[in-house]
Number of protein chains: 2
Amino acid sequence: MSSLAKTDADMVRVHNRLAVLDHLRRVGVTTRKLVSEATGLSVSASSAISGALLRGGLLSEVEEDDRSTRRGRPGKSLAICGRAARVAALKIAVGEVSGRISDYAGRPLTEMRRGVDLSGRDGGFIVDLLADLAKELTGRLAEEPRALDKVVVAVQGKTFSDLSGIVWSPALKHRHIEIAAPLSARLGAEVSVLNDCSLMPEAFRWRPDFTGLDFATLFVGFGVGMGLRLNGATFQGKHSSAVEFGHINHMPGGALCRCGNQGCVEAYASDYAIWRSATGNGDIPAHRIGDEAMQRLADAARAGDPAARSAFEAAGNAIGYGLGRVFTMIDPLPIVMTGSGAQAIDLLEASIRQGIRESAVDGLGSDTPLILEEDTDALVFDAGTAYALAALDQEFARSAAEATEAA
Amino acid sequence: MSSLAKTDADMVRVHNRLAVLDHLRRVGVTTRKLVSEATGLSVSASSAISGALLRGGLLSEVEEDDRSTRRGRPGKSLAICGRAARVAALKIAVGEVSGRISDYAGRPLTEMRRGVDLSGRDGGFIVDLLADLAKELTGRLAEEPRALDKVVVAVQGKTFSDLSGIVWSPALKHRHIEIAAPLSARLGAEVSVLNDCSLMPEAFRWRPDFTGLDFATLFVGFGVGMGLRLNGATFQGKHSSAVEFGHINHMPGGALCRCGNQGCVEAYASDYAIWRSATGNGDIPAHRIGDEAMQRLADAARAGDPAARSAFEAAGNAIGYGLGRVFTMIDPLPIVMTGSGAQAIDLLEASIRQGIRESAVDGLGSDTPLILEEDTDALVFDAGTAYALAALDQEFARSAAEATEAA
DNA sequence: GAGACTTTTTCCAAGCCTCGGAAAAAATGG
DNA sequence: CCATTTTTTCCGAGGCTTGGAAAAAGTCTC
């Protein structure tokens, strides 16, 4: 009924434990004293909380060689204990599934990629496939066989806002596929299904150079997608999986898009759009344009091929106008760019910036920083892992009450 | 450094006092028992907090005739005490300033409107004007002469994100005008300067039918602006005053907009755009098109004038595409519409919905509810008042500590 | 190498909240 | 007029943070 709920001492404990964990994730290794300074907690509280987390097994004391020859009692170094949990980031893309397992400290333990034709497959097959993938990954880890604590599935395409499955994906013909519940039953861990692009900002969650920064991640490749970090939170839509940047209309009545509409950004800027524009064929290619084919096309443009050049230019223009529209709505934001578009940034950047200049008020944002991340897969794995770890931190901070009782 | 800060008992107190105030604003009159049920606080805590707020003068016990003939001790009715504070909502528009004073319970006490040619005036004049307006308004209130506790200035145009003043306004020729500091010095109350359109969702802050609802407010008139309520918070940009819906590009290379760009939504959907389109004159009119003129134009369209009809249709189309783009980014949202566009909704609605259908994925959101609010001024005053009261609630919840000590 | 100094950690009483239950208060019903 | 019911107040308990004192674990100086 009322929108504001009460708070009590429990909330305070959870919040402060979370603050300590958060600080540790940012800096990696600290001492109780430094935690106190960073969080604003008293040293007593910092010490008590660290102690509880240590007893709970979430933290571990580490030996540091970095004897910085200062007087006084040296602080005992603390770090997140990798053995406290194990998370998996899985990925469903057109023609392949892949995954990475990491420990609670965020260190990647093992990773694999498997090419599969998913197009005609149903939900049961997908769940089986993901379960197999996860089990093979865990099997590789020699140590004691232990279950996963949290699984994130990043999907190309639209996902349910309750993180339960896939509404629609270019990788699959079937629609409305439940993933979370059946996969969770198979793996014994909570499963969250999210769109890969909107998840991407999570990859930067604890990176010091992105702390407190609002920014957008932009994927340009097979499709075009965006993730937003606003007010320190990764933006998630209520109804869908959020920022469908590729389907923001660029040109009313313009080029035909896969979604059926005319003039979407994707219909100009995605691989297939650039391809059909360069080849002069108006149809949407039936199959995915390979990365090598796009590389050749880019090289042709670099060599001066006029059709290829103008195709990339039109793509950059559409992206630029799209960004200009986003900047007009939200604010100018730094852009982290990935996908085949990032590889061809030399062909795109000028027209992107020109597009922003023409579409944003006062051209604001046309000089926004453009940060390139070549390895899209790594970015998605990082993002899924960070998301999973953040969720675990919340759970652990909450259940630390019981842990203290037990101890 | 770290982004998560600590919490302590103080925070708990502030948060819970705020929860009680929030509930009272939503329902108007309650009892301690009902507060307990609504907030989740224990009856003891609810009682203690209510008692503290009563002693602090923020609440008052009210007599209710509504004897609902039930057994048991009847609950003592509590309500926000109007005399606890006084806030002003001021408004700067093209050719006029206006204002309303309300009490702490949100009841309007007095209101006035003054036509002034502001175009060539500087900051000093504006501040003087607003100070005079506020003082004349307070002077009207017969009772003991008391100062304002909080002032909100809603401005057509772009404002600084720190709420200190005006970056640019169509009402003024000068740019970068400081308002908050000098006006605050004159009135003895904190002053916040915000864009009128982005402020508008605040008007619905405590309205039960909008509780927990995400929605957009859309102003179509002299200009075109939008306000967003997302995740229960009114969206505010970091750099500017947020959602410049009117300047989201509609058509690359399209009609000339006041902002200098080509193809903005405003260049199709604002009063001047509809006017120039209907009259076949390509220039932006030098003066504001009056409301009566727009009414006549709308009547001509209703009578079948083809030029007028197609002008409104083009306007609706641009708005529809704009909304489609927003929906694609964020989510389909209910729209609260106001301004002269709301008056001409019969001429616009079909093409708005058609535009959404053509520009949003699967046409999602083309059937979104369209809620009309005829009285734009009242909406802005409501919004400014709600914003001011919410800010006061925060301050009072914080300082309630001292209040209890004092008592 | 021993004592002085310095800095980090731990320990403990105190202060604030909220919670739960008991007691008091204020009405209705028979 | 007394039993019943419902709301409000009162009081002790428990949890978390705080601030200061004590302990711990080094470096520095003589």
Side-chain angles (χ1 to χ4, degrees), chain A residues 4-20 29-55 59 61 63-78 397-405, chain B residues 5-20 29-55 59 61 63-78 397-398 400-405:
Chain A
L4 264 102
K6 61 145 190 180
T7 311
D8 56 15
D10 272 25
M11 296 278 197
V12 171
R13 187 195 59 235
V14 171
H15 184 99
N16 286 343
R17 282 182 177 20
L18 215 43
V20 171
V29 178
T30 12
T31 65
R32 293 159 171 80
K33 183 80 195 307
L34 291 172
V35 167
S36 153
E37 282 167 18
T39 58
L41 288 160
S42 66
V43 276
S44 331
S46 160
S47 185
I49 292 172
S50 304
L53 295 177
L54 267 166
R55 280 192 302 280
L59 266 45
E61 296 191 332
E63 298 300 321
E64 263 210 308
D65 307 329
D66 182 48
R67 307 245 154 254
S68 45
T69 188
R70 278 175 24 245
R71 291 182 71 150
R73 175 175 175 175
K76 263 185 202 148
S77 294
L78 301 171
R398 207 156 272 134
S399 65
E402 302 151 37
T404 3
E405 272 179 57
Chain B
K6 61 145 191 180
T7 313
D8 56 16
D10 273 24
M11 295 280 196
V12 171
R13 188 194 58 237
V14 171
H15 184 98
N16 286 342
R17 280 178 178 23
L18 215 43
V20 171
V29 178
T30 11
T31 65
R32 293 157 172 80
K33 183 80 194 307
L34 292 172
V35 168
S36 154
E37 282 166 18
T39 57
L41 287 162
S42 67
V43 277
S44 332
S46 161
S47 185
I49 293 172
S50 303
L53 295 177
L54 267 166
R55 280 192 301 281
L59 265 45
E61 296 191 333
E63 298 300 320
E64 264 210 309
D65 308 329
D66 181 48
R67 306 247 153 252
S68 47
T69 188
R70 279 176 22 247
R71 291 182 71 150
R73 175 176 174 174
K76 262 184 203 149
S77 294
L78 300 172
R398 207 155 271 135
E402 302 150 37
T404 2
E405 274 179 55

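Each chain gets a letter, A, B and so on, in the order its sequence line appears, and its residues count up from 1. No experiment lies behind these values; they were computed from the predicted model shown.
- Side-chain contact between B:Thr31 and B:Lys76: absent, with no pair of heavy atoms (C-beta onward) separated by less than 4.5 Å.
- Atom pair A:Arg13:CZ and D:dG14:P shows a separation of 16 Å (rounding to whole Å applied).
- Rounding to whole angstrom units, CG of residue A:Asp10 and P of C:dG20 are separated by 11 Å.
- Straight-line distance from the NZ atom of B:Lys33 to the P atom of C:dC19: 15 Å, rounded to whole Å.
- If you take CG on B:Leu18 and CD1 on B:Ile49, they are separated by 10.5 Å, rounding to the nearest 0.5 Å.
- Heavy-atom nearest nucleotides on DNA chain D were determined for A:Ala9 and for B:Ser47, and the one closer to the 5' end corresponds to B:Ser47.
- Contact annotation: the side chain of B:Thr7 never approaches that of A:Met11 to less than 4.5 Å [non-hydrogen atoms, C-beta and beyond].
- The two residues B:Lys33 and B:Val43 have their closest heavy-atom pair at CD-CG1, 3.9 Å.
- Residue A:Arg32 has no polar side-chain atom (N or O) positioned under 4.0 Å from OP1 or OP2 of C:dT8.
- Nearest heavy-atom pair, B:Ser46 versus B:Arg32, reported as atom, atom and distance to 0.1 Å: OG-O, 2.7 Å.
- Between the base of D:dT6 and the side chain of B:Arg73 there is no donor-acceptor pair shorter than 3.5 Å.
- Put simply, A:Arg70 has no side-chain N or O that comes within less than 4.0 Å of OP1 or OP2 on D:dC28.
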Using nucleotides 18-20 of chain D, report all nitrogen or oxygen pairs with the protein that are shorter than 3.5 Å.
residue : atom : partner : partner atom : Å
D:dT18  : OP1  : B:Lys6  : NZ           : 2.7
D:dT18  : OP2  : A:Ser42 : N            : 2.9
D:dT18  : OP2  : A:Ser42 : OG           : 2.8
D:dG19  : N7   : A:Ser44 : OG           : 3.0
D:dG19  : O6   : A:Ser44 : OG           : 3.0
D:dG20  : O6   : A:Ser44 : OG           : 3.3

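- Comparing A:Ala48 and B:Glu37 along DNA chain D, the residue whose closest nucleotide (by nearest heavy atom) sits nearer the 5' end is B:Glu37.
- Whole-Å rounding puts the B:Arg17 CZ to C:dC17 P distance at 7 Å.
- With a 4.5 Å cut-off on side-chain heavy atoms, B:Arg17 and B:Val20 do not count as touching.
- On a pure distance criterion of 3.5 Å, no polar donor-acceptor pair joins the side chain of A:Arg71 and the base of D:dC28.
- Within 4.0 Å of A:Ile49, counting heavy atoms only, lie sugar-phosphate atoms of the nucleic acid but no base atom.
- With values rounded to the nearest 0.5 angstrom, B:Asp8 atom CG is found 9.0 Å from A:Leu41 atom CG.
- Residue-level contact check: B:Asn16 touches the backbone only, with heavy atoms under 4.0 Å from sugar-phosphate atoms and none from bases.
- Atom NE2 in B:His15 sits roughly 13 Å away from atom C1' in C:dT18 (whole-Å rounding).
- Among the nucleotides D:dG26, D:dT8, D:dT6, the one closest to any side-chain atom of A:Pro74 is D:dG26.
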